[in-house]
Each structure stands twice: as structure tokens, then as C-alpha cells.
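Report on one structure; see the data block that follows.
Keep in mind that this is a model prediction, so the values were computed, not measured.
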Amino acid sequence: MYSVFLVDDEPILLEGIRSKIDWESIGLNFAGEATDGEIALSMMQEIKPDILITDVKMPFMDGLELSSAIKKIQPWIKIIILSGHDEFDYAKKAISIGVEDYLLKPFTANEVIESLKRVSLQIDRERAQLSDITKMKQELESKNKIIQKEFLIDLIHGTINPNEIEEKAKHNGINISAALYRTIISRIESQNNDKTDFQKACSLLNSYSSVWTHTLNFFYKTDRFISIVKANELAELEENTYHIAETIEHIVTKNQNCSVVTAIGKAVFSLSEIPSSYEDAKKIFNAARFENKSVILSSDDVNEKDIEFLNINQNNPLVERIKYAGKSDISAIVEESLELIRSNTSQSKVFSSYILVDLIFSVSQLVESFGGNLKQENPKMLQRSFIDNAVNDEKSFISTTYEILNFAVDYRDSKMTSRYGNIILKAKEYIDKNYADQNTTLSSVAEHVCLSPNHFSTIFSQECKTTFIEYLTYVRIEKAKQLIKNTDKKGYDIAYECGFSDPHYFSYIFKKNTGLTPREFKGI
């Protein structure tokens, strides 16, 4: 199912397209919307939709500027332009950018649907061609490709005389000149050991990567995809590196049966140092154990001590949630526990005990992950009387649950030394303070924590087990729930207060996340 993102500065038009199209019936998923090109660009870096529908005339960044920018970082995307201007210059520029369709206002819902169907068929055809295993084999086996691949393999292993690298690269038709380099190792896996799925994923990756301009790419040992990223500035290198890593993951995981593990080596300043970057990536790659999960790891964020303990097979969802919870998140966890107990009043003590035991076990795991022992740090939690006293009544349960969670958060904060943890906590604090601002985006939060948007997006999604956009939406919806329940404010006021630019879109997102409209939620 392909995803669609919509951009227009007219709320009525946004509402019309969103609500009048039965997305699932035409095999599409409505992924999100924005009223401005700048905000849309930030959101789309996170969502990575397959199709963009955008108006031409918008403030700050118009639809053609947005289309041009998004094509550079997400070249697979298909674009449908909406315009009230029947002018040749617009159409000509749209064609030069690579826009797939151009609809003139006023248009009907059926015209939009037909356009979406045409674009979907185009994606189908392209992917069928890209997945042609025979084509992949022919390309990989061509004489020129083999020679270039052999050169790149020698380059990462350091078997070429440093004084001859540039001359040999030029002789082999490879543009290798740059000021900085970084090596990426990606391993593609089929979760069900289906060779066809694996080959299709590799074929897609091989085909898309052939047009990347700032990387040198090749397959190594069948399942290993190596990328040498080049740039002239450190900021550019970081952005390019994480963009490529996320693009690789996006392409491979388009096949739901495939996953990809990516390790990023350190930045180096000369061609002769590329082997050092490759060995750095390989060290991270070999130290970690992965199973049917996609992940991106970088030498920027993993130190020698961390490498010893890298193992993502034993994640406990509650541990992960506590690991990055802020004080403001504790009440939500307590409330969820209470809802479970209240829905089972006949066995409230049993459920209360179960919840507390599970919570204490999770806190114990969290403490151990930082090298501690709960028996030493907070021995009373492990006493049977601690739980028995807590389940006597609801007030005791609430108090005890808050005590456990506050201990966990305080302990974590006192022990947190990883760069990841500090970044996540700082980002969440910023979101908590600025969720009402419609300009709170992936880019603005990334800037606040001093990372590029792609790097921050990678860290946030992996550490929080949710994307930035999903988390921001969660925060906004939780704040909206509080306002709906505790105030008499109108729906449109609540929408604006919680960072939504359009009340209709707020209602749509609220129901999508809660299963209820704001009005229905207020009545329960």
C-alpha cells in the first residue's frame, strides 16, 4: 500500500481531498498533511511517503520548490501538482523537476483519484522493472562494473598504493574527489529466508543507488552493501551519510519480509584513510547481534564500552518506555494501569499485583542495563510486603506506582551517560514545551539538539521505537485529551492550542489515534 502526503495552504481544499477520497479502496494510505512547503519538507523527511500532492502557490516555500527539494533527498517519490494557474511556465518547470501529474483547479475528487491511480500504476511498473533479477545480474556482471567493484574493494581494504588511488579511479571512470569520506556497511536479510524477497530487495537497492551522486556503492559478499559517502564539509557529510543510511533502510524494508542492519564508520579526511573508516564500521557491525530488525549504528554514537553490550534481541517494551520517559510521561503510564484495573474490578488485587510485579521487573532490567542492581539500589521494592501494601486500595496503588516510576526516572537520569539518552531527553523536553507551536518540526528539534535532521531522525526512531512525527502527534493528542476532559473549550480552540493548523485535520488525527471523535471522547 503506497502512502500519500498532501500539502496546500487552503484548509478547505485539504479537508476536501482528505475526506472525500476512500483511501483504502484505491490501495493507498493517507500519511499526513501540511499547510506550508517548509513544514511539509521536514515532515516528509520523517514519513517518507511514496506520493506527494502539492499546491503550487504557498507562502515561504511553494510547491515547485518543495518538489525540487524532496526529489533530491527522496528520489523515488511521485509528485502531483495542483494549480489554479494555467500557465506554460509552471508546467514546464514541473516537467523539468520530474513531476508526474499536473491538475488544474477546480478539480473533482474523481480527477484526483484517477491521477493517484495513474501514479500508483507507474510505481508498480517501475518497481517491477527494478525487481527484475535478470537485469540486476546483467548489470552486476558487466565488465566495467566488475572492474569498478574490484577497485572499490581494494580501496576499502587498503591494498592500493595511496599515491595511485586518484589515478586508478580516473582510469576506471570513478569520480572519487572530495575533502571528506565515510564508509557505510549494510547487511540485507530476509526474515523468512525467502531468496526471492532477498533478491528483490537487493535489486531495488542496486537500481536506486546507481543514480546517487555523492556515494560510491557496491555489493560485497552477496548480502553486504557498501557505500563510500563523500562531501566537502563535515555538516554535508553527516547529512549525506544519514540520508543514505535511512534511504537504504527505506528501500529494503519496502519489502516487509526484509530488514537491514547498517553500521557507519568514522569520518576521514583522505582517500588513504578510507580503510580506517571501513574497519571502524566493521567493528560496530561485527560486535552487535541482530535478528529480523532494521537498525542504524554509528561510530559517533557508540563507544568501545557500548559495543561490548550491543544486543537488541532482548528489548522489553516497558523497559524501553521507562528508559526515555520524562516526569510528564509518568501520569500516562499510571493512568493506563488504572484503566486496566478498573476494567477488571472483580479481580482488581490480582491485576494490581501483576502490574506492579511487571513494573518492578522492568525497572530491575533498566537498573541492570546501567550496571546496577535493584537489590542494592532499592531493596524494599523486592519485598513481598511492598506489593501487598500497595494493592489494598486504589490510592495506595497510585502512590506506589508513582514511587516506582519516579525512582526509575531519577536513577536513569543519574546514570545516563550515553549521547543517545541525553539527546532524547533534551528533545522530549523541547517537544513538551513547544508542542503547541505549529513550527515545531523534525528540523527545529534537530537544530535544538545540534544534529542534522537525518541523524536526529535515525536516533529518535531507534531509541524511542517510534518516529518523531508519531511521538509529536502522541504528545499533542494527549494534551488534547486533557483539554477535552477538563475544559469547555471548543474543538477548534483545542486544535490550535495543541499545535494543529486545521481543526478538521485535528479531528481526523484524533479519531485515527483514539478510535473516537473529540466529541465522542468527551462523552465517555
Side-chain angles (χ1 to χ4, degrees), residues 71-73 75 130 135-188 202-248 251-252 260 262-286 296 298-300 452 454:
K71 276 286 188 180
K72 290 178 181 177
I73 59 176
L130 290 172
K135 179 183 176 182
M136 175 192 173
K137 288 181 177 179
Q138 289 174 347
E139 187 173 357
L140 288 175
E141 291 170 0
S142 68
K143 185 176 179 181
N144 191 45
K145 284 283 183 183
I146 291 173
I147 292 173
Q148 290 182 348
K149 179 177 175 179
E150 288 175 350
F151 167 79
L152 292 173
I153 290 173
D154 289 341
L155 177 64
I156 63 172
H157 288 149
T159 57
I160 304 176
N161 186 322
N163 298 322
E164 299 176 354
I165 294 175
E166 290 195 43
E167 183 182 341
K168 286 191 174 183
K170 186 177 181 181
H171 178 74
N172 290 317
I174 299 173
N175 179 10
I176 204 167
S177 298
L180 298 153
Y181 304 91
R182 206 160 185 185
T183 306
I184 300 174
I185 304 175
S186 299
R187 183 177 69 222
I188 297 91
C202 291
S203 178
L204 277 171
L205 185 54
N206 185 62
S207 299
Y208 276 123
S209 65
S210 65
V211 297
W212 296 346
T213 56
H214 48 263
T215 61
L216 303 168
N217 310 286
F218 62 97
F219 272 93
Y220 182 50
K221 294 183 179 178
T222 309
D223 65 339
R224 306 289 171 90
F225 186 72
I226 311 295
S227 297
I228 302 172
V229 186
K230 52 183 184 172
N232 291 317
E233 296 179 358
L234 275 171
E236 179 190 7
L237 182 67
E238 180 183 45
E239 189 68 5
N240 289 349
T241 299
Y242 284 92
H243 163 60
I244 289 299
E246 287 203 316
T247 300
I248 290 170
I251 291 169
V252 172
V260 58
T262 296
I264 301 171
K266 64 184 178 183
V268 294
F269 296 85
S270 69
L271 289 166
S272 61
E273 291 180 294
I274 287 177
S276 177
S277 179
Y278 174 70
E279 288 301 319
D280 196 44
K282 197 164 72 169
K283 184 190 298 181
I284 298 168
F285 192 87
N286 292 336
I296 298 170
S298 165
S299 60
D300 285 343
S452 71
N454 279 326

Problem set entry | NE2-CD1 distance between His171 and Ile147, expressed to the nearest 0.5 angstrom | 7.5 Å
Problem set entry | Donor-acceptor side-chain pairing of Glu239 and Asn454 below 3.5 angstrom | yes
Problem set entry | Short N-O contact, Glu279 and Lys282, less than 4.0 angstrom | yes
Seminar exercise, completed: Residues Ala178 and Asn232: closest non-hydrogen pair is CA-OD1, 3.7 Å
For this session: Taking atom NE2 of His157 as the centre, report whether more than 12 heavy atoms of other residues, nucleotides or ligands fall under 6.0 Å from it.
Result: yes
Exercise. Can you tell me how far the CD1 atom of Ile251 sits from the SG atom of Cys202, to the nearest 0.5 Å?
Worked result: 11.5 Å
For this session: For the residue pair Ser270 and Glu273, confirm or rule out a side-chain donor-acceptor distance under 3.5 Å.
Result: yes
Exercise. Does Tyr242 reach the side chain of Ile184, with side-chain heavy atoms less than 4.5 Å apart?
Worked result: no
For this session: Using atom types as modelled and distance alone, determine if a side-chain donor or acceptor of Lys168 lies under 3.5 Å from a backbone N or O of Asn161.
Result: no
Exercise. For the atom pair CD1 (Ile228) and CG (Leu152), what is the distance rounded to the nearest 0.5 Å?
Worked result: 5.0 Å
Exercise. Hey, what do you get for CG (Asn163) to CD1 (Ile160), rounding to the nearest 0.5 Å?
Worked result: 12.0 Å
For this session: First locate atom CD1 of Ile274, then atom CG of Leu155, and finally report the distance between them rounded to the nearest 0.5 Å.
Result: 4.5 Å
Seminar exercise, completed: Output for pair (Ile248 CD1, Trp212 CH2), nearest 0.5 Å, gives 4.5 Å
